[in-house]
Amino acid sequence: MPTILNIAAPKDFRLARDYCSYGYFLLEPNHWEPDTQTVSRVLNLESGPAHFEIVQTAIRPEPKLRARFDRSLTRPEQGEARRKIGRMLSLDVTHEQIKAFHKVDPRWTRAAGGGGRGRLSRSPTLFEDIVKTVTSCNVAWPSTINMNRRLCDVLGARSPSGKPAFPTPAKLARTRAGTLRARCRVGYRDQRLIDLAKMYHKGEISEAWLTDPKTTDDEAFKFLLTLPGVGPYAAGNIMQLLGRFSRLALDSESVRHGKTVLGLTGKDAAILKRMTAHYEPFGEHKFRSYWFEIWAWYEARQGHATTWEKKKTATAFTAAKLK
DNA sequence: GGTAGACCTGGACGC
DNA sequence: GCGTCCAGGTCTACC
């Protein structure tokens, strides 16, 4: 009998607002159904992949979520699924932590969905977040969508209902570079992705160490810069996906934001330097402040993120359309 | 330490 | 429809 998990969430959690909060929610194998407000995807679990759909069943007195799987999960798998869904939805981020952010930046206290903005969605595993970040570097958004779709289609194991998972580190580690390039269209990233997968598979990338409060932000950032395919932008982005928001992830989109929203002028390098100074007052929350400004700008042009359809964003979020 | 050029893909543009 | 140009972040070689 298919497993159903009931999952408690922090009291300010709203599935639609908090899941549709970062671009990766539009990348395979993630899926958001605007009409039914349902999150779905395949999880890699101990005995193999399982597809699930998750909805919010209650807001008060306490938010509740219900996840329905396409197969029966063992008891250990149920724990694993809870952990991975918790990571995806940032359920470990408490109401108190969100309030601390709003104290520094009150603009997001009353965002759509009630309770205010603060959580950013991410992947069930750090490995998937790193790969998604590397596939977002040096390409336009449609290419990132395609690379992730092909990685799942070509290398992802299938759930009982036939849907593909994200490739596991083990699978990606033993894939040939030529296959990645020809069938997944990852270009020159082929060997870098394989090297990342090997490192992760061997335990050389430790999420426990990277998220340990005893590890400083500087130490974590410095380590991330040593990873293949990871430079200053990618490292900054992976930092926020680890729950460390004290760094910005500056790229060409940041320059666009600096010009169009903050009204900065001058050469790109100068704009980025001024942006770094601009967000400094937000301290350990600066990525959140920066990101929600960008997200609000997207929503002002494209409608609320909860209404976005995956296919349409491939054409709506090209550089030309965002000018 | 700073910088130029290569890397690869796909959208935009001109014909 | 086809060919060409260009944007995008990281890496390496070089000064």
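Chain A is the first sequence line, chain B the second, and so forth, proteins listed ahead of strands; every chain is numbered from 1.
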Peer 1: Please report, rounded to the nearest Å, how far the P atom of C:dT10 is from the OH atom of A:Tyr233.
Peer 2: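 A:Tyr233 atom OH is separated from C:dT10 atom P by 8 Å.
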Peer 1: Kindly point out which of C:dT10, B:dT9, C:dG8 is positioned nearest to the side chain of A:Arg181?
Peer 2: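 For the A:Arg181 side chain, the nearest candidate turns out to be B:dT9.
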Peer 1: Which part of the nucleic acid does A:Leu250 contact within heavy-atom distance under 4.0 Å: base, sugar-phosphate only, or nothing?
Peer 2: nothing
Peer 1: Rounded to the nearest Å, what distance is computed from the CG atom of residue A:Leu180 to the P atom of nucleotide B:dC8?
Peer 2: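 Checked: the CG to P distance equals 13 Å.
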Peer 1: Under a plain distance cut-off of 3.5 Å, with no hydrogens placed, do A:His31 and A:Glu33 share a side-chain donor-acceptor pair?
Peer 2: yes
Peer 1: Tell me which one of A:Arg176, A:Arg181, A:Arg185 satisfies salt bridge (charged side-chain N to carboxylate O under 4.0 Å, His left out) with A:Asp190.
Peer 2: A:Arg181
Peer 1: Looking at C:dG8, I'd like to know if its phosphate oxygens (OP1 or OP2) sit under 4.0 Å from a side-chain N or O belonging to A:Ser252.
Peer 2: yes
Peer 1: Rounded to whole angstroms, how far apart are CZ on A:Arg256 and C1' on C:dG8?
Peer 2: 15 Å
Peer 1: Specify the separation, in whole Å, of atom CD of A:Glu253 and atom C1' of C:dG8.
Peer 2: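 Value for this atom pair: 11 Å.
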Peer 1: Among residues 184-196 of chain A, which ones have heavy-atom contacts with DNA chain B below 4.0 Å?
Peer 2: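 Heavy-atom contacts with DNA chain B come from A:Arg185, A:Gly187, A:Tyr188.
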Peer 1: Please tabulate, for the side chains in residues 230-251 of chain A, all donor-acceptor contacts under 3.5 angstrom to protein atoms that are two or more places apart in sequence or on a different chain.
Peer 2:
{"from": "A:Asn237", "atom 1": "OD1", "to": "A:Tyr22", "atom 2": "OH", "distance (Å)": "2.7"}
{"from": "A:Asn237", "atom 1": "OD1", "to": "A:Gln240", "atom 2": "NE2", "distance (Å)": "3.2"}
{"from": "A:Asn237", "atom 1": "ND2", "to": "A:Tyr22", "atom 2": "OH", "distance (Å)": "3.1"}
{"from": "A:Asn237", "atom 1": "ND2", "to": "A:Tyr24", "atom 2": "OH", "distance (Å)": "3.1"}
{"from": "A:Asn237", "atom 1": "ND2", "to": "A:Thr133", "atom 2": "OG1", "distance (Å)": "3.3"}
{"from": "A:Arg244", "atom 1": "NE", "to": "A:Leu210", "atom 2": "O", "distance (Å)": "2.8"}
{"from": "A:Arg244", "atom 1": "NH1", "to": "A:Thr215", "atom 2": "O", "distance (Å)": "3.1"}
{"from": "A:Arg244", "atom 1": "NH1", "to": "A:Asp217", "atom 2": "OD1", "distance (Å)": "2.5"}
{"from": "A:Arg244", "atom 1": "NH2", "to": "A:Leu210", "atom 2": "O", "distance (Å)": "2.9"}
{"from": "A:Arg244", "atom 1": "NH2", "to": "A:Asp212", "atom 2": "O", "distance (Å)": "3.1"}
{"from": "A:Arg244", "atom 1": "NH2", "to": "A:Thr215", "atom 2": "O", "distance (Å)": "2.9"}
{"from": "A:Ser246", "atom 1": "OG", "to": "A:Asp217", "atom 2": "OD2", "distance (Å)": "2.4"}
{"from": "A:Arg247", "atom 1": "NH2", "to": "A:Asp218", "atom 2": "OD1", "distance (Å)": "2.3"}
{"from": "A:Asp251", "atom 1": "OD1", "to": "A:Glu253", "atom 2": "N", "distance (Å)": "3.1"}
{"from": "A:Asp251", "atom 1": "OD1", "to": "A:Ser254", "atom 2": "N", "distance (Å)": "3.1"}
{"from": "A:Asp251", "atom 1": "OD1", "to": "A:Ser254", "atom 2": "OG", "distance (Å)": "3.1"}

Peer 1: If I take atom CG in residue A:Asp251 and atom P in nucleotide C:dG9, what distance separates them, rounded to the nearest angstrom?
Peer 2: 5 Å
Peer 1: With sequence neighbours left out, what residues match A:Ser159 under side-chain hydrogen bond (donor to acceptor under 3.5 Å, both in side chains)?
Peer 2: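 If we apply the side-chain hydrogen bond (donor to acceptor under 3.5 Å, both in side chains) test to A:Ser159, skipping adjacent residues, the hits are A:Asp70, A:Ser161.
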Peer 1: Which listed nucleotide (C:dG8, C:dG9, B:dG11) is nearest to the side chain of A:Pro142?
Peer 2: B:dG11
Peer 1: Does the A:Gln37 side chain pair with the main chain of A:Ala16, one donor and one acceptor, at a distance under 3.5 Å?
Peer 2: no
Peer 1: Return the value, rounded to whole Å, for the distance between atom CZ of A:Arg150 and atom P of B:dT9.
Peer 2: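 Distance check: A:Arg150 CZ to B:dT9 P gives 10 Å.
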Peer 1: Provide, to the nearest angstrom, the distance between the CG atom belonging to A:Asn148 and the P atom belonging to B:dG10.
Peer 2: 13 Å
Peer 1: Report the C-alpha distance between A:Phe292 and A:Leu120 in whole Å, list the side-chain angles of each, state the deciding distance to 0.1 Å, and finish with yes or no for side-chain contact (heavy atoms from CB on, under 4.5 Å).
Peer 2: CA-CA 9 Å; A:Phe292 290 134; A:Leu120 288 160; 3.9 Å; yes
Peer 1: Is there a side-chain contact between A:Ser136 and the phosphate of C:dG9, meaning an N or O under 4.0 Å from OP1 or OP2?
Peer 2: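 No, A:Ser136 has no side-chain N/O under 4.0 Å of OP1/OP2 on C:dG9.
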Peer 1: Compute both the distance and the angle, then confirm whether A:Arg256 meets the cation-pi test with A:Trp297: under 6.0 Å from the six-membered ring centre, within 45 degrees of the axis.
Peer 2: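 Flagged: A:Arg256 positioned over aromatic ring of A:Trp297.
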Peer 1: What integer distance in Å separates A:Ile238:CD1 from C:dG9:C1'?
Peer 2: 12 Å
